[in-house]
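Below is one structure, written out as structure tokens; comments come after it.
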Amino acid sequence: MASAKSIKVIYFDITGRAEILRLLLNFVGKEFEDVRLARDKWPEIKPTTPFGQVPAMEVDGEMFAQSNAMANYLAREFNLYGKTNRDALRIDTVSNLTEDLIQAFAKSFREQDPVKKEEILKEVKTEAGPRFLGFFEKLLKENGTGYFVGDSITLADLVLFDICTGFLKVTVEDSIANFPLVKKLVETVGEQENIKKYVAARSA
């Protein structure tokens, strides 16, 4: 049983780094306050966050930050972190691979020259995206159940769903059809009642 009584997720009104937290909480049916910041309010809110950054999460009145740490906490709270330390290692592997993909994608945001920016984005779509999907496909094949760990949804599966439907979607959408296990898992997660309802509202 999760010990947290009240949870607030604080981020901008986009998917981005906070979306994995929203997906986790919606999946388990945990009520939470989804605080969506207006950009012009950020200078006012920034000093109230732990490290001057978002996403942030308030748990029973205490504020936390760092998206991976918060996602891991929620996964443990709601029994989505596997059953063994080895399971947790596999889940962390998926999360860390995702960070590598984010860093490859982030180069396009840091580039100021529009021509070079487009070149970087094209490279991510044609090289980095398919390469990481290949890693995920391999991990799914090794487990053999359709999930990354065990035979049910864990944090790792929600992370993959976030990659393929959230702000990293642009990096993999052109190549996901070539990775049937990845594609199937994304569909499986998306068919979960709470996730389906949340994504429908997100898209509205």
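Note that this is a predicted model, so its numbers are computed, not measured. The first residue of the sequence shown is numbered 1, and numbering continues consecutively from there.
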Closest heavy-atom pair and its distance - Pro55, Arg17: CD-CB, 3.6 Å

Leu21 vs Tyr73, side chain to side chain contact (heavy atoms under 4.5 Å, CB included): CA-CA, chis, key distance, verdict: CA-CA 10 Å; Leu21 309 179; Tyr73 162 78; over 6 Å; no

salt_bridge(Lys30, Glu77) N-O dist < 4.0 Å: no

For Asp151 against Thr145, the heavy-atom pair lying closest together: CA-OG1, 4.0 Å

Reported NZ-to-CG distance for the pair Lys169 and Asp162, which is rounded to 0.5 angstrom: 12.0 Å

Residue pair Val124 / Pro130: nearest heavy atoms and the distance that separates them: O-CD, 4.1 Å

Spatial distance of atom CZ (Arg131) from atom OG1 (Thr171) [nearest 0.5 Å]: 11.0 Å

Val199 side chain reached by Thr165 side chain, heavy atoms, under 4.5 Å: no

Between CG on residue Leu23 and CZ on residue Arg202, distance to nearest 0.5 Å: 6.0 Å

Cluster check Val35, Val59: I/L/V/M/F/W/Y, side chain < 4.5 angstrom: no

Distance in Å, Phe64 CZ paired with Met57 CE, rounded so as to fall on 0.5 Å steps: 7.0 Å

Val149 side chain near Tyr147 side chain, heavy-atom distance below 4.5 Å: no

Side chain to side chain, Leu97 and Val159, heavy atoms closer than 4.5 Å: no

Gap between atom CG of Leu74 and atom CD1 of Ile7 - 0.5 Å precision: 5.5 Å

Shortest non-hydrogen separation from Pro43 to Asp40 and the atoms involved: CD-O, 3.7 Å

Crowding at CG, Asn85 (>12 non-hydrogen neighbours, <6.0 Å): no

Close side-chain approach of Phe27 and Tyr198, heavy atoms under 4.5 Å: no

Salt bridge Glu111-Lys107, side-chain N to carboxylate O under 4.0 Å: no

Minimum side-chain heavy-atom gap Phe148-Leu140 below 4.5 Å: yes

Ionic contact status for Lys138 with Glu142, cut-off 4.0 Å: yes

Test: Glu19 and Arg22 ion pair at under 4.0 Å: yes

Distance-minimising heavy-atom pair for Arg36 and Ile14: NH1-O, 3.9 Å

Phe105 with Phe161, same ILVMFWY side-chain cluster at under 4.5 Å: yes

Nearest heavy atoms of Ala65 and Phe51, plus distance in Å: CB-CD1, 3.6 Å

Distance, nearest 0.5 Å, that separates CD of Glu193 from CD1 of Ile195: 11.0 Å

Side-chain donor or acceptor of Asp87 paired with backbone N/O of Tyr81 under 3.5 Å: no

Side chain proximity check, Leu168 to Thr98, heavy atoms < 4.5 angstrom: yes

Polar side-chain atom of Asn194 near backbone of Asn26 as donor-acceptor pair, under 3.5 Å: yes

Test side chain to side chain contact (heavy atoms under 4.5 Å, CB included) applied to Lys122 and Glu127, step by step: CA-CA 8 Å; Lys122 181 180 179 181; Glu127 296 183 23; over 6 Å; no

Side-chain touch Phe135/Thr93, heavy atoms, less than 4.5 angstrom: no

Check: Ala69 main-chain N/O paired with Asn72 side-chain donor or acceptor under 3.5 Å: no

Within one Ile-Leu-Val-Met-Phe-Trp-Tyr cluster: Leu181 and Ile153, side-chain cutoff 4.5 Å: yes

Lys183 atom NZ, over 12 foreign heavy atoms within 6.0 Å: no

Min side-chain heavy-atom separation Ser175-Leu133 under 4.5 Å: yes

Ile176-Val94 co-clustered via ILVMFWY side chain contacts under 4.5 Å: yes

Hphob cluster co-occupancy, Phe167 + Leu155, side-chain heavy atoms under 4.5 angstrom: yes

